[in-house]
Amino acid sequence: KSNLFFCFCFVCFTLPWQCFRALCCKGPPPPRPEYDLVCIGLSGSGKTSLLSQLCSESPENIVSTTGFSIKAVPFQNAILNVKELGGADNIRKYWSRYYQGSQGVIFVLDSASSEDDLETARNELHSALQHPQLCTLPFLILANHQDKPAARSVQEV
């Protein structure tokens, strides 16, 4: 008779040395690359709502950003560190102080805003596109509030 003893791992259903090798030889997952973005747009354009949605946060009780906020938006293959800058008149003049180190820009505009606000948004966008620290970076222009009746099409914006 053989006194052979089989040991079996009930966690991963393998022999013990296979289980040990699977656990110890994998190592930690490789770090995800991180990218620093700046998110700008006039007040009420939806910057905070956008970032809350991307972070799977509740859309309730969203308050407009005064000054700036920073959110880490996790994706499977990368992490976006987004600096959201408030869009009030008295804050926009300070936007350029936060551009350094950015690797991309998200410009959010309210596609249902008044003609005057749309013109102001256009001017701010053109200013950002010409800024030395941003002019070579990728831009995402998000025409938000497309669900509103007064929303303009992308061509109109």
Side-chain angles (χ1 to χ4, degrees), residues 11-14 22-157:
V11 175
C12 61
F13 304 107
T14 61
L23 290 174
C24 74
C25 298
K26 262 188 172 178
R32 292 183 282 182
E34 295 189 26
Y35 300 97
D36 295 327
L37 306 178
V38 64
C39 182
I40 55 178
L42 302 186
S43 287
S45 61
K47 299 179 298 295
T48 306
S49 297
L50 168 69
L51 293 177
S52 293
Q53 187 78 21
L54 288 174
C55 291
S56 300
E57 297 174 352
S58 172
E60 298 173 14
N61 304 323
I62 291 179
V63 180
S64 287
T65 302
T66 303
F68 74 97
S69 72
I70 300 174
K71 282 198 188 268
V73 182
F75 289 97
Q76 185 176 356
N77 297 324
I79 297 173
L80 303 180
N81 297 311
V82 183
K83 284 186 270 186
E84 176 198 354
L85 308 182
D89 292 342
N90 59 343
I91 295 174
R92 289 196 305 262
K93 60 186 171 189
Y94 299 109
W95 280 358
S96 62
R97 295 180 184 200
Y98 296 91
Y99 292 165
Q100 188 171 353
S102 294
Q103 296 169 289
V105 181
I106 303 171
F107 189 91
V108 182
L109 62 91
D110 180 356
S111 62
S113 65
S114 69
E115 265 311 311
D116 289 343
D117 284 346
L118 198 56
E119 185 62 31
T120 302
R122 244 185 235 114
N123 292 336
E124 292 296 342
L125 174 60
H126 286 287
S127 177
L129 285 166
Q130 294 171 1
H131 193 279
Q133 290 178 319
L134 301 183
C135 64
T136 60
L137 300 181
F139 267 75
L140 167 67
I141 302 170
L142 178 69
N144 203 12
H145 299 141
Q146 288 291 305
D147 56 332
K148 292 185 177 179
R152 292 169 184 82
S153 68
V154 173
Q155 291 79 13
E156 292 173 305
V157 172

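All of these numbers come straight from a predicted model, not from anything done at the bench. Computed over heavy atoms, backbone and side chain alike; hydrogens, waters and symmetry mates excluded.
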Determine the minimum heavy-atom distance between Phe107 and Ala121, stating which atoms define it.
CZ-O, 3.4 Å
Nearest 0.5 angstrom please: Lys93 NZ to Ser96 OG, how far?
11.5 Å
Residue pair Ser45 / Asp110: nearest heavy atoms and the distance that separates them:
CB-N, 3.9 Å
Kindly write out the residues that satisfy salt bridge (charged side-chain N to carboxylate O under 4.0 Å, His left out) with Arg92, not counting sequence neighbours, or none if the list is empty.
Asp89, Glu124
Table please: side-chain donor-acceptor pairs of residues 149-157 below 3.5 Å, with sequence neighbours left out.
unit_1	atom_1	unit_2	atom_2	d
Arg152	NH1	Ser111	O	3.2
Arg152	NH1	Ser113	O	2.6
Arg152	NH2	Ser113	O	3.0
Arg152	NH2	Glu115	OE2	3.3
Ser153	OG	Gln155	OE1	3.4
Ser153	OG	Glu156	N	3.2
Ser153	OG	Glu156	OE1	3.3
Glu156	OE1	Ser153	N	2.7

Which atoms form the tightest heavy-atom contact between Ser102 and Tyr98, and what is the distance?
OG-O, 3.9 Å
Counting only heavy atoms not in Gln146 (residues, nucleotides, ligands), do more than 12 fall under 6.0 Å from its CD?
yes
Got a sec, which residues hit salt bridge (charged side-chain N to carboxylate O under 4.0 Å, His left out) with Lys71, two or more places apart in sequence or on another chain?
Glu57
How close do Asn144 and Gly46 get, counting heavy atoms only, and between which atoms?
ND2-CA, 3.3 Å
List the steps and the verdict of side chain to side chain contact (heavy atoms under 4.5 Å, CB included) for Val108 and Leu50.
CA-CA 9 Å; Val108 182; Leu50 168 69; 4.0 Å; yes
What donor-acceptor contacts under 3.5 angstrom involve side-chain atoms of residues 59-68, with partners at least two apart or in another chain?
unit_1	atom_1	unit_2	atom_2	d
Thr65	OG1	Thr48	OG1	3.0
Thr65	OG1	Glu84	OE1	3.2
Thr65	OG1	Glu84	OE2	2.8

Residue among Ile106, Leu109, Leu85, Leu125 satisfying side-chain contact (heavy atoms from CB on, under 4.5 Å) with Ile40
Leu85
Has the side chain of Lys47 got a donor or acceptor atom that lies under 3.5 Å from a matching backbone atom of Gly41?
yes
Taken to the nearest 0.5 Å, the spacing of Asn81 CG from Gln103 CD works out to 9.0 Å
Results of salt bridge (charged side-chain N to carboxylate O under 4.0 Å, His left out) for Arg32 - residues two or more places apart only
none
Per-pair distances, 0.1 Å, donor-acceptor, side chain in residues 133-143, under 3.5 Å, sequence neighbours excluded:
none

Taking all heavy atoms of Ala72 and all of Cys55, pick out the closest pair and write down the distance.
O-SG, 3.8 Å
Would you name the heavy atoms of Ala78 and Tyr35 that are closest together and state the gap between them?
CB-CE1, 3.8 Å
Rounded to the nearest 0.5 Å, the CG atom of Leu51 sits from the CD1 atom of Ile70 at a distance of 11.5 Å
